[in-house]
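These notes are about the structure you will find just below.
Just so you know, these numbers use all the heavy atoms, side chains as well, and skip hydrogens, waters and symmetry mates. Both counts, for ligands and for their atoms, begin at 1 and track the order of listing. Residues take their numbers from the sequence shown, with the count starting at 1.
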Amino acid sequence: MNSNDIILTGDRPTGPLHIGHYIGSLKKRVELQEKSRQFVLIADMQALTDNAGNPQKVHENVLEVAMDYLAVGLDPDKSTIVVQSLVPELAELTMYYLNIVTLARLKRNPTVKAEMQQKGFGEDVPAGFLTYPVSQAADITGFKAKYVPVGEDQLPMIEQTNEIVDKFNSLYGREVLVRCAPLLSEVTRLPGTDGQGKMGKSTNNAIFLKDDEKIIHEKIKMMYTDPQHIKVSDPGRIEGNTVFAFLDAFDTDKVGLEELKERYKRGGLGDVKVKGRLFNCLNSELSPIRARRMEYSKDPGEVMNMLKKGSLRAREAAAQTLAEVRAALLLNY
Ligand code: TRP
């Protein structure tokens, strides 16, 4: 990767961001902004594809997500933070791409398929939802992004984007669109505090970046450990133990953590102690983030201004791509 390569990441504004986002991607973005051109997209149009009846939720969370970004250290002078709907060029690109994607292909996207099943959509799936990978292809190609840092679940989007790129370029006989590659994050997914699947924005098993000490304390207290570890003297299991999964992600004293695990396995170490250690690790990492977030939340108008400025910069980039696309389609009247 060189410093001219463009990177794009994004989040749907359907809830505030949690510590799973933090270790899985936000930390990486803060590093990446030092060495390349990065766009970070708040995908409000994509969020509406399955929240048509709830625009208020999407609206509120645009600001929440923006404050999370700033709090973890994304710098609007180094990263271009963009609100998707403020870049209408992306919607126009989507419209043209839809003509070179088949319904059969849309229905085959494994991530969309899984989401449709989970939401019980069946044939009544909103057309916008079924086609959101095409809109995502517009996001990626609109900014000519070469790299897209993602988790496993987003790989089908990258694949579908590259299909659109190849089809477009070959149909219209010029290299207008740029292929992209995923940057897979090396961290493993953080489980939810309930130990059930992954941490989610809306599944009631997340620790949010904005949670205060008391809430974090409560959430850790409720966390699942090893159901067989009843008395302090019982030997405990590390595998599948959510508290240890979190410690693996957040405890910087790896040697101390290994010793702790050995003691836990032998027996004689209570969950309360282990949870206390987790609280300290998490809290020392989250305290400065929370403090910065508190500052930003006092001036939402200023945060909105920052978003508008970033989106305007993003519009210039997307307008350039759109002009080339329109020319390829003989729409440059
Ligand atoms: N689909 C992504 C998610 O659910 C969000 C997203 C929208 C995105 N547009 C993007 C991610 C472009 C990367 C690039 O998290």
ask   = Any side-chain donor paired with an acceptor under 3.5 Å for N205 and Q196?
value = no
Atoms in ligand 1 flagged as close to A43, the criterion being non-hydrogen separation under 4.0 Å = 7 (C)
remark   = Within 4.0 Å of some non-hydrogen atom of L8, the atoms of ligand 1 are 12 (C), 14 (C)
Option set I158, D153, D139, criterion heavy-atom distance to atom 9 (N) of ligand 1, minimum = D139
message = Just to confirm my output: which protein heavy-atom neighbour is closest to atom 8 (C) of ligand 1, and how far is it?
response = Q136 NE2, 3.5 Å
key: Ring geometry between H21 and H18 (parallel below 30°, tilted from 30 to 60°, perpendicular above 60°)   = parallel
query = Which residue and non-hydrogen atom of the protein lie closest to atom 15 (O) of ligand 1, and at what distance in Å?
reply = G10 O, 3.9 Å
message = I want to know if ligand 1 touches Q154 in the polar sense, i.e. an N/O pair below 3.5 angstrom.
response = yes
Proximal atoms of ligand 1 relative to V148 (non-hydrogen, under 4.0 Å) = 13 (C), 14 (C)
inquiry  = Considering non-hydrogen atoms of the protein only, which is the closest contact for atom 4 (O) of ligand 1, and what is the distance?
reply    = R12 NE, 3.4 Å
ask   = So do K219 and F208 actually touch side chain to side chain, heavy atoms under 4.5 Å?
value = yes
inquiry  = Using a 6.0 Å cut-off, check whether atom CG of N204 has over 12 heavy atoms from anything other than its own residue.
reply    = no
query = Does a side-chain heavy-atom distance below 4.5 Å link K261 with D248?
reply = yes
ask   = Taking the six-membered ring for Trp, is the centroid-to-centroid distance between F244 and Y264 below 6.0 Å?
value = yes
key: Cation-pi, Y96 ring and R326 (6.0 angstrom, 45 degrees)   = no
key: Residue part near ligand 1, for L41, under 4.0 Å between non-hydrogen atoms   = side chain
query = Tell me: protein heavy atom nearest atom 7 (C) of ligand 1, and distance?
reply = Q46 NE2, 3.3 Å
message = Please verify the inter-ring angle class for H217 with F279; under 30° counts as parallel, over 60° as perpendicular, anything in between as tilted.
response = perpendicular
request  = Please confirm whether Y132 comes within less than 3.5 Å of ligand 1 when only nitrogen or oxygen atoms on both sides are compared.
outcome  = no
